[in-house]
Amino acid sequence: MTSQLNQAEKVRNPAKTGYEQESNNAELPYGDVENSLAKTVGVGGVGTTQRRLNRRHVTFIGIGGGIGTGLFIGTGAALAKAGPAGLLMAFIVVGAVIWSVMEGLAEMATLIPQAGTFPHYATRFIDPAVGFTLAISYGYCYTIAIASEVSAAALVVSYWTDITPALVISISLALIFAINIMHVRFFGESEVISASVKVICFIGLIFVALVITLGGAPNHDRIGFRYWKNPGAFTEYNGITGSKGHFLGFLSALINASFSFIGVETVVIAAAETVNPHKYLPKATKRVTYRIAIFYILGALLIGMIVPYNDPALSSGTGNANSSPWVLGIKRAGIPALDSIINACILVSAWSAGNSYCYIGARIIVAMAIDRQLPAVFKKTNKNGVPYWAVIAAFLFGPLAYLSLGSGGAAQAFSWILTLSTVAGLLAWMTLSICFLRFYAACKAQGVDRNTLPYKGRFQPYAAWVGTIGSLLITLLSGFSVFLKGNWNSSDFVASYIGIPIFIVPFVLWKIFKRTSFRKASEIDLWSGRFDPSEAPEDHPPTTWWGKALDWAF
């Protein structure tokens with residue numbers, strides 16, 4: 001009878017207990033965290049992260065997240081490997097995977113918007129050992145990605161000048177640290193500005209590409225789908241002819257496409273610092289569908305229409321606008337000046353991505369500290385709610401960008417870090433989908449009607465299975481090329497698959513030393529840490545036609 005009354009109380013007021021309820025549950029790994037932070041993290045006040053990201057911030061973090069160097073430059077290498085049809089297919093497949101991941105993730109984050117979110121969900125819904133290994137894998141994915149994006153910024157600047165890359169790296173790192181150590185609103189505003197630049201640039205590129213294909217460029221050459229016929233829609237990967245070579249070309253493009261999509265999910269990380277996650281996160285998630293369709297899939301289609309896959313510049317490895325398929329197509333059409341404008345947009349994208357990755361890495365570290373997987377010092381915040389020790393720890397991976405100054409150059413360093421971070425990101429997608437499957441099972445076991453939740457993911461649980469299996473398959477296939485005859489390369493093999501043991505080993509060690517147990521569906525905590533909508537400030541919807549139009553679009 002007592003348990004039934006307690007369950008009824010949870011249903012009547014699921015948002016009131018928060019971490020207070022967790023502190024009474026000794027089985028939860030974060031149950032006895034001291035009250036100084038545990039009761040209030042993600043709510044606001046001195047010594048906590050604070051809800052200071054409003055609708056505009058969340059919107060542009062959602063729109064701009066994932067639009068980085070991979071979308072502007074990395075697509076060129078993918079086109080050279082797979083051909084226009086293979087590139088398009090790869091982006092459609094990866095787009096379907098990340099869309100599936102986002103549907104489940106948004107449902108969990110809207111209901112329980114906790115700091116760091118991702119490892120916390122793995123700890124809560126699967127096993128604390130999975131939460132620990134996800135934090136390690138996803139955290140290193142984004143902290144080392146700071147270095148990859150800063151390295152990319154150095155490459156981008158080399159398009160204009162021979163200035164030493166060390167200076168560009170130093171300036172970029174200084175700006176990233178300054179933004180992240182200040183009030184979270186500064187991060188939000190920086191994302192609004194950079195996302196606006198990236199979106200305007202990319203939409204402009206789409207229109208320019210359409211003009212080129214329709215014969216509106218200075219050369220008045222109506223291209224259409226010419227390059228799909230000559231040199232062809234698919235490449236013959238590694239000299240292998242026929243459908244086998246075409247399929248292998250498509251597989252080779254999957255890892256490049258995945259790198260382009262990594263970051264789409266970052267808007268959910270900001271859940272604990274969002275003013276009203278019940279309202280803003282569902283909307284941002286639904287916009288992911290349009291972003292995938294317009295920025296990625298339509299972009300991949302147009303890239304294959306304006307430049308042939310056998311253009312040698314696509315695989316030149318310059319890392320700047322010289323190897324961007326957009327710039328190459330524009331140059332072929334005889335359009336002057338745009339190449340420098342695009343290069344400037346790529347520079348903004350590289351720096352913005354590095355800035356976001358530092359933010360994400362810091363919040364993952366905070367989540368680990370809250371779940372007692374790192375020392376408590378990492379969850380300490382200043383009066384502005386900035387977890388300064390976590391920011392410093394995440395930022396310390398940024399100087400790895402200086403490795404690009406050694407042998408092999410910036411392009412090689414960028415390539416290694418790209419592969420490492422992409423595999424870690426894919427494994428994180430897989431784990432987050434499994435988190436939702438456990439969340440879904442818990443809702444069924446405990447009689448929770450998902451229709452009553454603030455956001456219900458679409459096509460569940462089938463979408464979660466697509467996210468789980470799709471992410472795993474792409475991970476396992478990421479280094480397939482080294483197994484082809486005559487292609488064995490030890491360093492490429494390690495770079496492609498080192499992420500898997502980095503994911504497995506922490507899980508095994510945590511299970512051995514902490515003796516954690518798998519969460520049963522009937523015992524999973526679905527109640528503590530929920531957001532109370534009454535805490536959100538009054539929302540003022542736009543009244544002008546222009547404001548309403550922007551609100552509908554974004």
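Count residues from 1 along the sequence. Atoms considered below: every heavy atom in the structure, side chains included; atoms not considered: hydrogens, waters and symmetry mates. These figures come from a predicted structure and were not determined experimentally.
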Seminar exercise, completed: Contacts satisfying salt bridge (charged side-chain N to carboxylate O under 4.0 Å, His left out) that involve residues 462-482 (not counting sequence neighbours) are none
Does a side-chain heavy-atom distance below 4.5 Å link [X] with [Y]?
{"X": "Leu427", "Y": "Val423", "value": "yes"}
{"X": "Phe503", "Y": "Thr431", "value": "yes"}
{"X": "Phe91", "Y": "Thr75", "value": "yes"}
{"X": "Asn355", "Y": "Glu149", "value": "no"}

For this session: Hey, can you tell me if Phe493 and Phe483 have their rings parallel, tilted or perpendicular (30° and 60° cut-offs)?
Result: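 It falls in the perpendicular class, over 60°.
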Exercise. Where does the angle between the aromatic ring planes of Phe125 and Tyr121 fall among parallel (under 30°), tilted (30 to 60°) and perpendicular (over 60°)?
Worked result: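 Rings of Phe125 and Tyr121: parallel, under 30°.
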For this session: For Gln373 and Ile365, indicate whether the former's side chain and the latter's backbone hold a donor-acceptor pair under 3.5 Å.
Result: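 Between the backbone of Ile365 and the side chain of Gln373 there is no qualifying donor-acceptor contact (under 3.5 Å).
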Problem set entry | Whether Arg450 side chain and Cys443 backbone form a donor-acceptor pair below 3.5 Å | no
Problem set entry | Name of the residue among Arg458, Lys456, Gln460 meeting side-chain hydrogen bond (donor to acceptor under 3.5 Å, both in side chains) with Glu103 |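 The option that passes is Arg458.
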I'd like a table of donor-acceptor pairs (distance under 3.5 Å, sequence neighbours excluded) in which one partner is a side-chain atom from residues 388-400, with atom names and distances.
none

Exercise. Does atom CZ of Phe459 have more than 12 heavy-atom neighbours from other groups under 6.0 Å away?
Worked result: no
